[in-house]
Amino acid sequence: MAVKVWVVTMVLLYRFCAGFGTGGDQATDVLCLGSLDYNDALAKAIQFFEGQRSGRLPANQRTRWRGNSALADGRQENVNLTGGYYDAGDNVKFGFPMAFTVTLLSWSAIEYQGDVAAAGQLGNLRTAIQWGADFLLRAHTSPTTLYTQVGDGNADHECWERPEDMDTPRTLYKITADTPGSEAAGEAAAALAAAYLVFKDDSDKGFASRLLAASRSLFKFANNYRGSFQSSCPFYCSYSGFQDELLWSSAWLYRATKDAQYLDFLSDNQGSSNPVNEFSWDNKQAGAQMLATQEYLGGKTELARYKANLDSLVCALMPNSGNVQIQTTPGGLLFTRDSVNMQYTTTAALILSIYSKALKSSGYDGVRCSAATFSQDQIASFAASQVDYILGKNPMGMSYMVGFSDMFPKRIHHRGSSIPSIKVLSRTVPCKEGFSSWLPTSDPNPNIHVGAIVGGPDGNDQFSDSRGDSSHSEPATYINAAFVGACAAAMGQKHSVKLEEPVNDLTPTSSY
């Protein structure tokens with residue numbers, strides 16, 4: 001009888017955890033956090049970037065269905081623009097979101113180095129950061145030049161082919177003193193400053209020195225030649241303006257250098273940093289507020305307003321705060337829009353995780369909203385609930401990460417994944433064949449793109465797993481980049497929780 005009771009209890013607990021997010025009752029959080037393999041999820045999330053690589057692949061490439069591609073990028077202007085990442089399911093390299101990806105990966109490595117190392121993934125994460133940072137260094141060819149895109153986006157989107165077969169124009173786009181784009185230059189500056197912090201303690205100081213010098217140069221370019229990227233880009237144009245990238249990059253450069261000029265910039269521009277409800281490749285306000293708040297908590301009292309704005313973001317995200325502005329789906333997923341929603345979910349989870357950590361290390365009790373006060377643990381648990389939802393604790397009972405668990409998206413909107421590998425089908429697959437034979441088929445993709453996190457479900461927690469539904473089934477580097485840090489934080493939270501005695505009551509308490 002005792003065995004039967006235990007089995008029934010565990011089944012009910014599994015169903016409870018899978019159907020609802022954590023973040024309410026601490027006892028529930030402790031029990032539910034234990035049922036997912038965060039180590040495996042972290043490893044797969046990082047491996048995803050190998051499937052997005054452009055250029056000549058190394059011998060230790062783990063995503064074996066990929067091959068070399070775009071080996072002549074930049075040649076028409078006598079520059080080397082090989083390498084870097086394809087941002088999503090297409091074959092164009094967009095420098096603006098690629099730089100954001102590098103920044104987020106670096107931030108994850110900085111904040112959660114111990115957790116990532118404990119999972120045996122620090123080397124792989126550093127490699128992913130370096131692959132993107134190397135491209136950004138090559139793209140910054142003069143103090144007032146930054147290449148921001150390789151490939152004709154319109155032609156590429158009219159062609160369904162593997163990157164190894166690519167025959168669409170590899171058109172080059174760049175910003176200069178005459179055609180500035182402070183957003184792109186500022187984000188690249190942030191990326192290289194953050195990457196510098198990852199590599200600065202290496203015995204070979206050459207790479208880190210190059211990163212920091214280029215970061216300083218790019219910030220100067222962005223600040224001295226102010227102009228919006230919206231007027232000089234064909235894709236991934238900025239709609240939030242460039243002030244957020246200037247704040248974001250100055251915050252990273254201050255963290256990297258402790259140079260007073262960057263602190264002064266942050267202090268003098270607090271008035272332009274208003275409360276926001278999202279953190280994305282376009283809008284970096286929340287990230288800048290987080291970095292500045294960390295400096296405030298460390299004693300830089302002149303940055304106090306940033307913490308107030310960041311507290312407003314927490315209240316906008318946390319359920320039952322009285323200030324909530326971002327809704328959740330019935331299954332508990334933060335939901336801002338019905339298009340690639342996971343990018344906003346993962347970045348919110350990352351910000352909440354880092355803020356919880358900063359509050360705890362600084363001795364703050366939590367964040368007070370109009371209807372509730374949230375402790376550091378409650379903020380961290382809610383962030384972990386978003387990771388859990390992505391990994392399978394959702395009404396669909398499926399992981400939104402390819403290759404994680406037994407049920408995951410099989411028909412992702414990704415050219416290379418959806419056409420047999422060039423190592424299997426060695427002939428060229430032209431555009432028209434790709435569109436007629438591989439895009440529309442209902443068969444699962446022949447190549448499992450391990451670690452890819454798709455755009456996610458709709459507002460009712462439903463997901464059709466359709467290759468043609470790009471807004472829900474397409475992965476992107478900046479989704480995975482934010483997830484890496486959020487997953488590492490959830491893993492660290494799980495390891496820090498200890499059950500002193502059995503927990504018998506699963507009823508959520510009204511603790512907030």
Side-chain angles (χ1 to χ4, degrees), residues 44-58 60-73 82-94 97-98 101 128 131-132 135 149-153 155-170 235 340 400-403 408-455 465-470 472-481:
K44 286 179 165 63
I46 296 170
Q47 184 177 339
F48 162 76
F49 292 94
E50 296 189 18
Q52 296 299 116
R53 284 172 171 170
S54 179
R56 190 174 299 281
L57 304 183
N60 62 353
Q61 170 85 8
R62 292 176 295 171
T63 304
R64 303 299 296 177
W65 50 267
R66 279 297 320 283
N68 299 332
S69 62
L71 298 181
D73 279 356
T82 59
Y85 293 112
Y86 305 117
D87 82 298
D90 52 17
N91 298 324
V92 183
K93 294 187 294 199
F94 298 102
M98 190 193 306
T101 292
W131 192 273
F135 175 84
Q149 183 175 320
V150 183
D152 184 320
D156 180 87
H157 293 165
E158 293 173 359
C159 187
W160 195 266
E161 63 182 358
R162 301 172 297 199
E164 294 83 0
D165 292 333
M166 201 180 342
D167 56 4
T168 51
R170 302 301 287 171
F235 289 91
V340 201
Y400 289 101
M401 173 186 284
V402 175
F408 55 82
K410 304 294 198 303
R411 301 163 188 84
I412 66 172
H413 183 93
H414 190 280
R415 287 159 175 76
S417 173
S418 67
I419 302 173
S421 170
I422 196 170
K423 299 176 182 181
V424 174
L425 183 63
S426 57
R427 66 171 177 84
T428 298
V429 178
C431 293
K432 290 184 178 179
E433 180 183 344
F435 270 122
S436 63
S437 299
W438 302 107
L439 173 61
T441 178
S442 61
D443 294 338
N445 286 4
N447 306 308
I448 298 177
H449 196 348
V450 172
I453 300 174
V454 296
D465 195 11
S466 170
R467 194 176 298 109
D469 184 8
S470 62
H472 296 99
S473 66
E474 186 172 18
T477 55
Y478 39 86
I479 298 176
N480 269 67

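Bear in mind the structure is a predicted one, so any value in this text is a computation, not a measurement.
Taking the side chain as every heavy atom from C-beta outward, Met98 and Asp87 never approach each other to under 4.5 Å. The closest side-chain heavy-atom distance from Phe135 to Val150 is below 4.5 Å.
A search for side-chain hydrogen bond (donor to acceptor under 3.5 Å, both in side chains) contacts involving His413 returns nothing, not counting sequence neighbours. Legend: residues meeting side-chain hydrogen bond (donor to acceptor under 3.5 Å, both in side chains) with Thr82, ordered by chain and number and at least two apart, are Asn80. Residues forming a side-chain hydrogen bond (donor to acceptor under 3.5 Å, both in side chains) with Arg64 (at least two apart in sequence, or on another chain): none. Residues satisfying the side-chain hydrogen bond (donor to acceptor under 3.5 Å, both in side chains) test with Ser473, not counting sequence neighbours, are none.
Contact between Asn480 and Ala45 at its shortest, heavy atoms only, is ND2-O, 3.1 Å. The nearest pair of heavy atoms linking Val429 to Asp165 is N-OD2, 3.1 Å. The two residues Phe48 and Thr477 have their closest heavy-atom pair at CE2-CA, 3.8 Å.
Taking the six-membered ring where tryptophan is involved, the planes of Trp65 and His414 are perpendicular, since the angle between them exceeds 60° and thus also 30°.
By the neighbour-count criterion of 12 heavy atoms within 6.0 Å, atom CG of Leu57 is densely surrounded, having more than that number from other residues, nucleotides or ligands. Within a 6.0 Å radius of CZ in Arg56, no more than 12 heavy atoms belonging to other residues, nucleotides or ligands are found.
Applying the salt bridge (charged side-chain N to carboxylate O under 4.0 Å, His left out) test to residues at least two apart or on different chains, the pairs with a partner in residues 409-420 are Arg411-Asp465. Screening residues 430-444 for salt bridge (charged side-chain N to carboxylate O under 4.0 Å, His left out) gives Arg427-Glu433 as the qualifying pairs, with residues at least two apart or on separate chains.
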Pair Asn447-Arg66, side-chain hydrogen bond (donor to acceptor under 3.5 Å, both in side chains): steps then yes or no: CA-CA 9 Å; Asn447 306 308; Arg66 279 297 320 283; over 6 Å; no

